[in-house]
Amino acid sequence: MIKAIYPGSFDPVTYGHLDIISRAAKVVDELIIGVLVNKNKKPLFTMEERMHLLKETTKDFSNVSVQTFEGLTIDFARKNNAKLIIRGLRAVTDFESEMQIAQTNHSIEPDVDTMFFTTSLEYAFLSSTTAKEVAYYGSDVSKLVPPVVTEAFRKKFNHSLSGA
Ligand code: ADP
């Protein structure tokens, strides 16, 4: 039984995250998405909103669940008895910091490994930050985020996004 966590800010969830989730859900038995409470970042969406959007967009995966966590990712893995941490790699720029984090986690808890999925090409440029920027200026985000997120952007920025 392989149990994995997929930690991140998910502010908000994008098609890039969902690509990683759907691929990871095929290779592990149970996948727990961990939404990080990061006191140093000021998120656009509240924790409740980020959780809601993730739950809505992953409801068709029977082995995927969503939780919130605070503190170290490795402690979240331990608490859930998960032996794998899933992360996505977009470009070389992700590589250095991700490798550092993975090595630190592995040295703290040798029983836990990190598994990387390289992004599908169509999402290589995509981040939550990009999606927020595009939505803020009222452009079409329908290729970047699922419809429920487009709707959430529309409410947040109080304008009608094309493609919504
Ligand atoms: P964090 O703040 O921890 O980077 P994110 O929500 O931005 O959290 O990302 C969570 C994980 O999803 C990270 O491993 C990130 O590299 C990955 N990810 C984000 N966008 C994409 C994408 N377009 N393709 C592949 N992986 C992605």
Side-chain angles (χ1 to χ4, degrees), residues 3-28 30-58 61 64-80 82-106 108-109 112-136 139-150 152-153 156:
K3 210 178 194 188
I5 58 161
Y6 178 36
S9 312
F10 304 101
D11 182 39
V13 58
T14 68
Y15 279 135
H17 294 127
L18 289 170
D19 175 47
I20 303 294
I21 291 166
S22 66
R23 288 156 63 198
K26 282 187 202 141
V27 300
V28 304
E30 192 182 338
L31 182 66
I32 302 163
I33 303 171
V35 189
L36 178 66
V37 182
N38 188 340
K39 296 218 168 72
N40 300 321
K41 280 190 190 170
K42 173 101 186 69
L44 175 66
F45 291 98
T46 64
M47 176 53 75
E48 290 69 31
E49 289 167 332
R50 285 181 279 154
M51 295 271 291
H52 168 73
L53 295 173
L54 271 163
K55 282 183 181 163
E56 274 297 302
T57 47
T58 59
F61 298 100
V64 174
S65 60
V66 188
Q67 286 185 31
T68 166
F69 78 101
E70 209 171 338
L72 293 179
T73 299
I74 200 71
D75 289 334
F76 181 61
R78 280 175 176 149
K79 186 182 139 241
N80 283 287
K83 300 284 181 243
L84 264 189
I85 299 171
I86 305 291
R87 295 288 285 174
L89 280 179
R90 278 160 296 193
V92 215
T93 41
D94 280 344
F95 186 79
E96 200 174 332
S97 61
E98 289 294 340
M99 199 168 83
Q100 223 170 50
I101 297 167
Q103 284 167 339
T104 306
N105 285 337
H106 191 66
I108 298 174
E109 182 54 77
V112 176
D113 260 302
T114 302
M115 182 187 261
F116 292 103
F117 284 81
T118 50
T119 175
S120 297
L121 273 183
E122 66 261 49
Y123 305 126
F125 64 93
L126 179 54
S127 66
S128 297
T129 307
T130 313
K132 280 183 276 195
E133 182 97 351
V134 174
Y136 178 78
S139 272
D140 181 11
V141 284
S142 62
K143 289 197 172 61
L144 313 181
V145 296
V148 67
V149 178
T150 301
F153 272 138
K156 187 72 67 180

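All heavy atoms count here, side chains included; hydrogens, waters and symmetry mates do not. Each ligand, and each atom within it, is numbered from 1 in the order the structure gives.
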Ion pair present between Lys79 and Asp75, side-chain N to carboxylate O less than 4.0 angstrom? no
At less than 4.0 angstrom from any non-hydrogen atom of [X], what atoms of ligand 1 do you find?
{"X": "Pro7", "answer": "10 (C)"}
{"X": "Lys41", "answer": "2 (O)"}
{"X": "Phe10", "answer": "6 (O)"}
{"X": "Tyr123", "answer": "22 (C), 23 (N)"}
{"X": "Leu126", "answer": "20 (N), 21 (C), 22 (C), 23 (N)"}
{"X": "Ile20", "answer": "25 (C), 26 (N)"}

Please classify the Arg90 to ligand 1 contact at 4.0 Å (heavy-atom distances, strictly less than): side chain, backbone, both or neither. side chain
Write down the atom of [X], the atom of [Y], and the distance for their closest heavy-atom approach.
{"X": "Ala25", "Y": "Phe61", "result": "CB-CD2, 4.2 Å"}
{"X": "Leu53", "Y": "Thr57", "result": "O-OG1, 2.7 Å"}
{"X": "Arg90", "Y": "Tyr123", "result": "CG-O, 4.3 Å"}

Does an N or O from Arg87, backbone or side chain, lie closer than 3.5 Å to an N or O of ligand 1?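 Yes; the residue has a nitrogen or oxygen that sits under 3.5 Å from a nitrogen or oxygen of the ligand.
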Please state which protein non-hydrogen atom is closest to [atom] and give its distance, to 0.1 Å?
{"atom": "atom 8 (O) of ligand 1", "answer": "Ser9 N, 3.1 Å"}
{"atom": "atom 9 (O) of ligand 1", "answer": "His17 NE2, 3.4 Å"}
{"atom": "atom 14 (O) of ligand 1", "answer": "Gly88 N, 2.9 Å"}
{"atom": "atom 25 (C) of ligand 1", "answer": "Thr119 CB, 3.4 Å"}

Rounded distance (nearest 0.5 Å) linking atom NE2 of His52 with atom CD of Glu56: 4.5 Å
I'd like to know if the side chain of Ser128 reaches the main chain of Pro12, judged simply by a donor and an acceptor atom lying under 3.5 Å from each other, with no hydrogens or angles considered.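 Confirmed, Ser128 side chain pairs with Pro12 backbone.
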Ser120: heavy atom below 4.0 Å from ligand 1, yes or no? no
Any Tyr6 heavy atom less than 4.0 Å from ligand 1: yes
Around Phe95, counting heavy atoms of other residues, nucleotides and ligands shown, do more than 12 lie under 6.0 Å from its CZ?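 No, because the 6.0 Å sphere around CZ of Phe95 holds 12 heavy atoms or fewer from other groups.
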Verify the distance criterion only: is there a donor paired with an acceptor across the side chains of Glu30 and Asn80 at less than 3.5 Å? no
Glu122 and Tyr15: CA distance, side-chain angles, deciding distance, side-chain contact (heavy atoms from CB on, under 4.5 Å) verdict: CA-CA 10 Å; Glu122 66 261 49; Tyr15 279 135; over 6 Å; no
